[in-house]
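We name chains A, B, ... by the order of the sequence lines, and we start the count at 1 in each one. Here the structure is a predicted model, which means the values were calculated and not measured. Values below: every heavy atom of this structure, side chains too, minus hydrogens, waters and symmetry copies.
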Protein chains: 2
Amino acid sequence: MSNPPKSATHKRARRVKLADVATAAGVHYSTVSRVLRPGFKGRISDDVAERVRAVARELGYQPNAVASSLRTQSTRSIGLIVHDMNDPIYPPILSGIESVLSPDGYAVLVGNTGYGADAELDLVNRMAARLVDGIFLATTRLKDPAVERCVQLGIPLVSVLRQTESGTTPAVMNDCFRGMEALTSHIIDAGHRDIAAIIAPQDLSTAQERWQGVQSAMRKHGLDLPEHRIARVSRMSTEEGERATKSLLDAATEPPGVIICVNDLVAIGAIRACRLSGLDVPWDISISGYNDIPLMDMINPPLSTVHMHLDKIGKAAGEMMLEYLANPELPARTQRFKPEVILRGSLQGVHPQG
Amino acid sequence: MSNPPKSATHKRARRVKLADVATAAGVHYSTVSRVLRPGFKGRISDDVAERVRAVARELGYQPNAVASSLRTQSTRSIGLIVHDMNDPIYPPILSGIESVLSPDGYAVLVGNTGYGADAELDLVNRMAARLVDGIFLATTRLKDPAVERCVQLGIPLVSVLRQTESGTTPAVMNDCFRGMEALTSHIIDAGHRDIAAIIAPQDLSTAQERWQGVQSAMRKHGLDLPEHRIARVSRMSTEEGERATKSLLDAATEPPGVIICVNDLVAIGAIRACRLSGLDVPWDISISGYNDIPLMDMINPPLSTVHMHLDKIGKAAGEMMLEYLANPELPARTQRFKPEVILRGSLQGVHPQG
DNA sequence: ATAACTTGCACAAACGTTTGCGCAAAGCTG
DNA sequence: CAGCTTTGCGCAAACGTTTGTGCAAGTTAT
């Protein structure tokens, strides 16, 4: 009955499978499968179904998802590709996605690219090998081989936060252009004229749209941004923000009146750099961010920024994925969430709300 | 040659499989498998191997991980169960784990329990059904059915951050007792005598150890903590911290001199609550946290706390998992990282470092 | 009572791998 | 050159499901 105690070898307990339930219930294993499949309405008598269910429960049967996947060609798992989970914009996205997909039995596979373009493609390939049912790509660049690869492989793809140049990918995003344009307008309206900007690589739609938003607002107000008031970061991190800010401050004898940062992390770095240079924020220099990641109201000074509704974006992305999974023929749709300007103490001259 | 264009139906492209490569290379598909398996040193002639590899590359063959898993009974995927990815302690853990496991071809499945005990067990079951090779449990309670279930199922388990009562689970954690004891000692040494504490449910080792650390330090200094200086949170969140702090302030006519919070998020809530009550931190009241999550040096006031080295814990957990995967018979080992007290402006009377 | 359905279940073929085994051909030993 | 060992590869059986088909019963219609 019990296997001989092979030393302390507590080997992986043999799982109960369909056949075990079947023999115990005295039916064929295909019958067990039909009974246990969700959405079973087939031609099985009630008493057999009940008996099978009872036996299955008693034996603690749990279907082997791998075998099921092999047969059905669906793993009920989806991938999420991000730059780095340590960037605070991603956890709410993950949570949102998970909260929508998990009730439907989907599992989420997370992959960090570490900001590497080849890592991105590699992750898509590895996820494809795992037969994920779909992929959320949060690292989408304007021209992105990873997107093309998904299309080529026929894997449903939902781009999160960002969009490709062609705009032909299903996507859920924030309207970064309007957000940054509105924020910049507020800054100008507050009287700022000597404006600097820290911008990010323009191969990401977020970075591009925000930069265009800044430019648009300034143009509308007849202002210009000289080259020495522009700094570039290689990625949106505090370290890069700090470095870029130093270079901005070094590029001219007088510091700018305000630095518009491509996102909050960069803004944090900017605040650090300013402080190290002996500049007080906001008395000597103003700073703004983008995203409104957690705690931006608690830092010193509280950061003016643009709220993204990341949780809503995550949920919406999850729902959009479900739609495309149900109907892959659906035309690509881009859903944009309205950004919300948040004015706080880091900007001299504006009137902080609530 | 090409299939007729079935309307606009861009169906999922048929994947190239072993058999396709085999016929193209003029060998049996088992041979292809042998050639392509990593660690192939079997009895295949060099020229056949080369030919097969060439054909495989040309056809863009990628092995079907699901089929492979079914056969090998290993999915090369591992689960990570957390309360909520939005808690900033988890992303570094995830990143650390992923950075160690991903090079070995493992994928990470993330599950949020939403602080639900039954959700935890459910997640374990769902991951077990997916035949994960191992599970990281970051939600481990002192008595945890999920842990028992893993043991019962024979699934390698590494507990992260927390430990069970018996201590028989492989675990990587911070020494919360010493960390909190040291921090409390600093606080007492700074002259604080009217101390309050916000503690969390004692079914988590982290919460328990920290509370014991506070008590130990106070006992050593001959101090006592009256009941009205103790508040409890149901979970370690800012909201709960705010609520608990209010109740603390309401419980006595005079506010305490310092509130020792079970973690940083709770401390953030405490700062908010104090501010709302018109108390200045740290002039009217001091506050400390635990974890040293990002930005704790940037908030107002900078938070005194204990640094956890979460990234190291994540990496160590990953490495420990690899060990147990390679050798499941290994006795359970608990690895503890040394905490580091970080003194900042939120504590009146201490001397902030660097 | 016979024909034509319907119902309830068993049969068996996939899904795409991995891997023990078998068997030729080739290489070696004496 | 006979006998033995090694080498190189094909064969086929798993792994645990899902699902189309088949075939006895049972049911209804004529």
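Atom CD in Q62(A) sits roughly 15 Å away from atom C1' in dT17(D) (whole-Å rounding). One can place CD1 of I44(B) at 10 Å from C1' of dG10(D), the figure rounded to the nearest angstrom. Nucleotide dT17(D) holds its P atom 15 Å from the CZ atom of R130(B), rounded to whole Å. The nearest whole Å value for the distance from the CG atom in L131(B) to the P atom in dT18(C) is 16 Å. At whole-Å resolution of the value, CG in D47(B) and P in dC9(D) are 7 Å apart. The CZ atom of R51(A) sits 14 Å away from the P atom of dG8(C) (whole-angstrom rounding). Between the C1' atom of dT17(D) and the OH atom of Y61(A) lies a distance of 7 Å, rounded to the nearest Å. With rounding to whole Å, N64(A) atom CG is found 9 Å from dT18(D) atom P.
Residue H28(A) places none of its side-chain N or O atoms closer than 4.0 Å to OP1 or OP2 of dC9(C). The side chain of Q73(B) places an N or O atom within less than 4.0 Å of a non-bridging phosphate oxygen (OP1 or OP2) of dG16(D). The phosphate of dT18(D) has neither OP1 nor OP2 within less than 4.0 Å of any side-chain N or O from T72(A). Taking only side-chain nitrogens and oxygens, S45(B) comes nearer than 4.0 Å to OP1 or OP2 of dC9(D).
Toward the 5' end of DNA chain D, the nearer of the two residues A49(B) and S68(A), judged by each one's closest nucleotide, is A49(B).
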Carefully, step by step, assess Y61(A) and D20(A) under the rule side-chain contact (heavy atoms from CB on, under 4.5 Å). CA-CA 9 Å; Y61(A) 171 73; D20(A) 300 326; over 6 Å; no

Please test D47(A) against R51(A) for salt bridge (charged side-chain N to carboxylate O under 4.0 Å, His left out), starting from the C-alpha separation and ending with a verdict. CA-CA 6 Å; D47(A) 52 342; R51(A) 181 153 42 99; 5.8 Å; no

After noting the C-alpha distance and the side-chain angles of L330(B) and N327(B), does the key distance pass the side-chain contact (heavy atoms from CB on, under 4.5 Å) rule? CA-CA 6 Å; L330(B) 236 48; N327(B) 183 4; 3.1 Å; yes

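The base of dC11(C) lies close enough to the side chain of S30(A) for a donor and an acceptor atom to sit less than 3.5 Å apart. Residue-to-nucleotide contacts include a donor-acceptor pair under 3.5 Å from the side chain of R34(A) to the base of dG20(D).
V27(A) comes within contact range of the sugar-phosphate backbone alone, with a heavy-atom separation under 4.0 Å but no base atom that close. Counting non-hydrogen atoms under 4.0 angstrom, V48(B) reaches the backbone sugars and phosphates but no base. Looking at heavy-atom distances under 4.0 Å, S33(B) makes contact with a base.
Side-chain contact annotation: R149(B) with N125(B), donor-acceptor N/O pair under 3.5 Å present.
With respect to K315(A) and D311(A), no salt bridge is recorded, no charged nitrogen being found less than 4.0 Å from a carboxylate O. Between K143(A) and E148(A), none of the side-chain N atoms (NZ, or NE/NH1/NH2) sits under 4.0 Å from a carboxylate O, so this pair counts as no salt bridge.
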Exercise answer: donor-acceptor pairs, residues 76-85 of chain B side-chain atoms, under 3.5 Å, sequence neighbours excluded:
residue : atom : partner : partner atom : Å
R76(B)  : NH1  : D104(B) : O            : 2.2
S77(B)  : OG   : T75(B)  : OG1          : 2.8
H83(B)  : ND1  : Y90(B)  : OH           : 3.0
D84(B)  : OD1  : S95(A)  : OG           : 3.4
D84(B)  : OD1  : N86(B)  : N            : 2.9
D84(B)  : OD1  : N86(B)  : ND2          : 3.2

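Annotation: side chain to side chain contact (heavy atoms under 4.5 Å, CB included) contacts of D144(A) (sequence neighbours excluded): E120(A), L137(A), T140(A), R141(A), A146(A), V147(A).
A rotation axis mapping the C1' atoms of four pairs onto the next four is fitted at both ends of the helix from dA1(C)-dT30(D) to dG30(C)-dC1(D) over five pairs, and the angle between these axes is 40° to 10 degrees.
Distance from the side chain of Y29(B) is smallest to dT18(C) among dT19(D), dT18(C), dA10(C). Closest contact between the side chain of K17(A) and the listed nucleotides dA14(C), dC15(D), dA12(C) involves dC15(D).
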